[in-house]
Amino acid sequence: MRDLNDDALGLSDQILVWYDEHARALPWRVSPSDRASGVTPDPYRIWLSEVMLQQTTVAAVKDYFHRFTHRWPTVQDLASAEDGDVMGEWAGLGYYARARNLLKCARVVTDEYAGVFPTTHDGLLKLPGIGPYTAAAISSIAYDLPETVLDGNVERVMARLYNIDAPLPGAKPQLKTLAAALTPDRRPGDYAQAVMDLGATICSPKSPACGICPWRDPCLARSAGKAAELPKKTPKKPKPTRRGHVYLAQASNGEWLLERRPDKGLLGGMLGWPGSEWSEAPEPTPPFAANWRDLGGEVRHTFTHFHLILQVMVTELPPHHSPADGHLRIAANDFRPSDLPTVMRKAFDLWHGQ
DNA sequence: AAATCGTGGCC
DNA sequence: TGGCCAAGATT
């Protein structure tokens with residue numbers, strides 16, 4: 001079988017030439033020129049960035065990456081952090097299981113691997129929060145091993161390059177095979193980042209800039225005039241709407257009543273306001289008997305698979321009321337709204353300006 | 001293996 | 001404005 005990558009200037013070489021010229025400077029990235037002169041990436045920073053980048057844009061990750069690496073410069077530092085501090089630092093970034101697994105992983109690497117990340121794809125795959133993509137990303141980017149990254153960018157680029165009509169996610173194995181055939185033995189780390197950069201900038205979902213693409217000539221979807229239509233995707237299910245109540249109580253000395261949510265499920269491990277269940281018609285479940293006042297305005301928030309409308313109830317927290325099961329009194333000085341997941345912060349904002 | 005799991009930006 | 005989309009993992 002003819003290998004497209006064996007052409008005079010192979011496909012992987014074409015995109016590496018482009019990457020050498022256009023690679024974006026990213027906080028966790030070793031530039032192609034630095035890499036060429038022997039600079040090696042820090043596996044801790046590559047791992048951290050890749051976990052943060054799961055289903056998350058570069059723009060959203062940048063500040064979080066800086067705060068994490070400033071506060072916890074090494075995997076050992078992160079491993080010895082308090083759970084609540086890590087969850088608070090992750091607040092707002094979403095998909096909070098990532099933060100829980102991040103901490104688990106840091107502790108496994110520190111306690112069982114002497115602080116050194118595994119250097120093989122299979123070794124990395126065993127760690128919490130590291131799946132097929134992230135294992136390949138760390139292998140290639142941090143260790144320059146010829147593993148194939150398959151993320152949304154690579155799926156889109158391959159679907160277009162080879163004009164694949166089969167819809168995602170079913171077409172994933174086929175796209176993985178095509179991507180693997182292109183992965184070069186030389187500079188696999190730069191190559192992996194090059195394809196993803198291409199997908200993130202030129203080969204964008206809606207209006208790809210085919211005119212300036214390093215793969216404009218070999219791209220089959222472009223020849224067929226179908227680039228912008230691919231990849232096809234199986235339609236998504238509609239989102240139902242759920243409702244709920246949250247209860248915000250502050251004492252005259254400034255203390256707040258909050259709860260630490262259980263580790264499993266939505267917003268697991270995060271700080272939040274006590275509240276009802278979220279359903280079509282939830283029963284009010286105030287955390288203690290009081291004259292709760294309805295703030296009036298509603299918090300509207302959309303999660304991955306449902307819309308939420310939250311009714312915000314407020315009252316004064318009695319000075320000597322001891323919090324029930326799982327509820328916490330937190331001093332004003334120890335409470336930062338930025339520690340809350342976004343939906344809970346919206347409820348806070350509704351009460352206290354902003 | 002289909003469902004679950006956040007959030008912000010974009011058009 | 002509402003759906004789509006983002007360097008996916010877990011169960």
Side-chain angles (χ1 to χ4, degrees), chain A residues 24 26-29 45-65 87 90-102 104-105 124-142 147-157 168-170 172-173 176 179 189 191-201 203-208 228 231-242 261-270 272 278 299-308 338 340-346:
Chain A
R24 297 177 289 172
L26 299 174
W28 49 85
R29 172 174 288 173
R45 294 166 64 89
I46 299 302
W47 163 70
L48 178 62
S49 68
E50 289 301 340
V51 173
M52 287 183 167
L53 286 164
Q54 290 166 6
Q55 297 290 283
T56 310
T57 58
V58 166
V61 162
K62 276 184 178 168
D63 290 346
Y64 284 86
F65 180 82
M87 300 312 289
W90 197 276
L93 198 54
Y95 284 145
Y96 298 102
R98 292 185 295 172
R100 286 181 267 124
N101 287 328
L102 187 84
K104 275 187 205 167
C105 183
L124 289 163
L125 204 47
K126 294 189 175 79
L127 294 170
I130 297 185
Y133 164 76
T134 306
I138 298 173
S139 301
S140 58
I141 298 172
E147 298 290 341
T148 301
V149 295
L150 189 69
D151 71 331
N153 291 306
V154 180
E155 288 172 359
R156 183 171 57 255
V157 170
L168 285 167
K172 214 169 167 175
K176 170 84 173 185
Y191 172 80
Q193 295 176 91
V195 186
M196 292 191 285
D197 269 22
L198 185 74
T201 57
C203 196
S204 56
K206 305 231 171 173
S207 56
K232 295 185 176 173
K233 300 198 172 182
T234 58
K236 297 174 182 178
K237 298 169 63 175
K239 296 179 183 185
T241 296
R242 300 181 190 170
R261 298 174 64 89
D263 272 346
K264 296 189 189 311
L266 194 70
L267 310 180
M270 297 300 289
W278 297 347
V299 167
R300 289 175 174 271
H301 193 77
T302 298
F303 293 98
T304 308
H305 54 294
F306 65 93
H307 303 286
L308 179 66
S338 63
L340 298 173
T342 300
V343 63
M344 296 293 174
R345 191 179 45 72
K346 282 185 182 177

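All figures in this text were calculated on a predicted structure; none of them were measured in a lab.
We find that CG of L102(A) is positioned 16 Å from P of dG8(C), with the value rounded to whole Å. Atom NZ of K233(A) is separated from atom P of dC4(C) by 10 Å (rounded to the nearest Å). Nucleotide dG8(C) holds its C1' atom 12 Å from the CG atom of L125(A), rounded to whole Å. Following rounding to the nearest Å, L127(A) (CG) and dG8(C) (C1') show an atom-to-atom distance of 16 Å. Taking atom CG of D263(A) as the reference point, atom P of dT11(C) lies 12 Å away to the nearest angstrom. Put simply, CZ on R242(A) is 11 Å from C1' on dA3(B), counting in whole angstrom units.
Between H305(A) and F303(A), the gap from one ring centroid to the other reaches at least 6.0 Å.
No option in T134(A), D151(A), V61(A) other than T134(A) meets the side-chain contact (heavy atoms from CB on, under 4.5 Å) test with E50(A).
Considering only heavy atoms from C-beta on, K176(A) stays 4.5 Å or farther from E155(A) through its side chain.
The heavy-atom pair separating R98(A) from M52(A) by the smallest distance is NH1-O, 2.8 Å.
In this structure, the nucleotide among dC5(B), dG8(C), dC5(C) sitting nearest to the side chain of D151(A) is dG8(C).
When only modelled atom types and interatomic distance are considered, Q193(A) and R29(A) share a side-chain donor-acceptor pair under 3.5 Å. Between the side chains of R24(A) and T201(A), no donor-acceptor pair is found at a separation under 3.5 Å.
dG8(B) and dA9(C) are spaced 22 Å apart, taking the P atom of each and rounding to whole Å.
Using a 4.0 Å heavy-atom distance criterion, L26(A) is classed as a base contact. Backbone-only contact: R156(A) has heavy atoms under 4.0 Å from sugar-phosphate atoms and none from a base. Residue contacts shown for R261(A) are absent, as no nucleic acid heavy atom lies under 4.0 Å away.
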- Whether each nucleotide of nucleotides 6-11 of chain B has a protein heavy atom under 4.0 Å at its base (B), only at its sugar-phosphate (S) or at neither (-) is summarised, 5' to 3', as BBS---
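OP1 or OP2 of dC5(B) lies within a sub-4.0 Å distance of a side-chain N or O belonging to H305(A). Proximity of K237(A) to the phosphate of dA3(B): a side-chain N or O atom is located under 4.0 Å from OP1 or OP2.
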- Query: Could you go step by step and tell me if Y133(A) and V149(A) meet the side chain to side chain contact (heavy atoms under 4.5 Å, CB included) rule?
  - Reply: CA-CA 6 Å; Y133(A) 164 76; V149(A) 295; 3.8 Å; yes
